[in-house]
Amino acid sequence: EKPELFQAYGKKQGGGILLYGPPGCGKTLLARATAGECKAAFLNVAIDEILDMWFGESERKLATLFENARQHAPAVLFFDEVEAIGGSRQQMRHSPGRTLVNQLLAQLDGVVGSNDRVLVMAATNAPWSVDPALRRPGRFDRVLFVPPPDRAARVEILRLHLRGRPVAADVDLAELAKRTDDFSGADLADLVDRASEFPLRAAIRTGEIGPLTAAHFKDALAAAKATTREWFATAKNYATFANTGGLYDELLSYLKQRG
């Protein structure tokens, strides 16, 4: 929004941010919100838009996506599941995927075109599988941990998913948020859907629309689970034993707070 200030300090507009964390916690939403906040075009890249069975086609498609972002600057170019195109080259050895990683590195470096006013954001559930070269300054030089929503955020997420549904007065969102520790946003959406099935079945039988009640949520909670816990079990090992250069400091701090 204020390019003259960046120019005054000799700082390039744009850059790269890598978001990591458990699935379903809003990494894509954060990228979309970033574009909205700075009034930039949001270009969401699906991995199947890039990967191609023919030799050289994946690299060509990747180059086209970057060129499109440059033409629409200011823009946020977002890659979800970036490990699919930026996986560790050490693990690939002689795989054709190595050339795709090299192409991604070249595009991030602006070798074939200026990335001025292009913010490249990427998300991954497996940061340990991303090639370390992608985290070099000038590429994805900001690596941010995206945790599950805290209690206050869970209240708002539940409120959002209940909007437009009939809800009884005995449904206490604060209590539900308290009982859904470690739930991701996706887990909370699933919880509301599970609870909605009970009055829906009754409505199918009777033809009358009844509200969602606290009892429905109690039954739904008995079957629901926090899918993030499996991710944390894996991530804790990497964070503890492979925290090269402080990459997982934010994650370790979060784990310490959780006890």
Side-chain angles (χ1 to χ4, degrees), residues 6 11-23 25-35 37-38 40-47 49-51 58-59 61-70 72-92 97-147 231 234-235 238-239 242-254:
F6 280 76
K11 183 169 174 58
K12 183 180 71 173
Q13 299 171 72
I17 299 173
L18 177 63
L19 306 173
Y20 79 93
C25 290
K27 294 184 287 294
T28 301
L29 289 174
L30 282 173
R32 192 180 295 277
T34 300
E37 285 292 318
C38 58
F42 181 67
L43 307 176
N44 190 3
V45 180
I47 295 304
E49 294 179 36
I50 300 174
L51 299 180
S58 296
E59 292 81 357
K61 289 180 178 180
L62 183 61
T64 300
L65 287 166
F66 269 88
E67 186 56 36
N68 186 39
R70 293 173 187 128
H72 289 86
V76 173
L77 182 61
F78 177 67
F79 295 90
D80 199 4
E81 299 179 18
V82 71
E83 71 276 6
I85 61 170
S88 173
R89 288 171 293 178
Q90 288 183 334
Q91 298 175 10
M92 293 181 190
R98 290 176 63 91
T99 60
L100 183 57
V101 178
N102 292 336
Q103 175 68 264
L104 179 58
L105 294 174
Q107 293 294 338
L108 288 170
D109 288 340
V111 172
V112 293
S114 172
N115 290 332
D116 188 44
R117 298 199 304 158
V118 175
L119 175 62
V120 184
M121 298 185 72
T124 180
N125 300 330
W128 42 83
S129 297
V130 174
D131 195 283
L134 286 170
R135 300 193 299 270
R136 197 205 74 182
R139 294 168 181 169
F140 292 119
D141 47 3
R142 299 289 188 273
V143 181
L144 305 177
F145 171 55
V146 181
W231 184 89
T234 300
Y238 284 99
N243 191 28
T244 306
L247 173 63
Y248 302 119
D249 282 353
E250 282 186 288
L251 173 57
L252 285 171
S253 176
Y254 180 83

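- Every residue meeting the side chain to side chain contact (heavy atoms under 4.5 Å, CB included) condition with Asp109, not counting sequence neighbours, appears here in chain and number order: Val111, Arg136, Arg139.
- Of the residues listed (Thr244, Thr234, Leu247), the one engaging Trp128 in a side-chain contact (heavy atoms from CB on, under 4.5 Å) is Thr234, and it is the only one.
- Evaluation of the side chain to side chain contact (heavy atoms under 4.5 Å, CB included) rule for Leu62 yields Ile50, Phe66, Phe79, Ile85, Leu100, Gln103, Leu104 as partners, not counting sequence neighbours.
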Side-chain atoms of residues 11-21: list all donor-acceptor pairs with protein atoms under 3.5 Å, sequence neighbours left out, distances to 0.1 Å.
none

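- Residue pairs meeting the salt bridge (Lys or Arg N to Asp or Glu O under 4.0 Å) criterion with at least one member in residues 14-23, sequence neighbours excluded, do not occur.
- Summarising the geometry of Val101 relative to Gly87, their closest heavy-atom pair is CG2-O, 3.5 Å, with the distance given to 0.1 Å.
- Atom-to-atom distance recorded for Met121:CE and Asn44:CG is 11.0 Å, nearest 0.5 angstrom.
- Across every non-hydrogen atom of Ala69 and Val118, the tightest pair is O-CG2, 3.8 Å.
- By the 4.5 Å heavy-atom criterion applied to side chains, Leu251 and Tyr238 are not counted as neighbours.
- Nearest heavy atoms, Ala122 versus Phe140: CB-CZ, 3.6 Å.
- In this structure, Asn243 contributes its side chain and Tyr248 its backbone to a donor-acceptor pair below 3.5 Å.
- When all heavy atoms of Cys25 and Pro147 are compared, the closest pair comes out as CB-O, 3.7 Å.
- Residues that satisfy the salt bridge (Lys or Arg N to Asp or Glu O under 4.0 Å) test with Glu81, not counting sequence neighbours, are absent from this structure.
- Between His72 and Ala41, the shortest heavy-atom distance links the atoms O-CB, 4.0 Å.
- The side-chain hydrogen bond (donor to acceptor under 3.5 Å, both in side chains) with Lys27 is formed by just one residue from the set Thr124, Asp80, Asn125; it is Asn125.
- A donor-acceptor contact shorter than 3.5 Å links the side chain of Thr34 to the backbone of Leu30.
- Inter-residue side-chain proximity for Val120 and Asn115 is flagged as unmet; no heavy-atom pair is nearer than 4.5 Å.
- Scanning all heavy atoms of the two residues, the minimum distance from Pro23 to Trp231 falls at CD-CD1, 4.0 Å.
- Phe78 CZ to Leu65 CG: the interatomic distance, rounded to the nearest 0.5 Å, is 13.5 Å.
- For Ala46, the side chain to side chain contact (heavy atoms under 4.5 Å, CB included) partners two or more places apart in sequence, or in a different chain, are Asp48, Glu49.
- You'll find the side chain of Pro127 stays beyond 4.5 Å of the side chain of Phe145, heavy atoms only.
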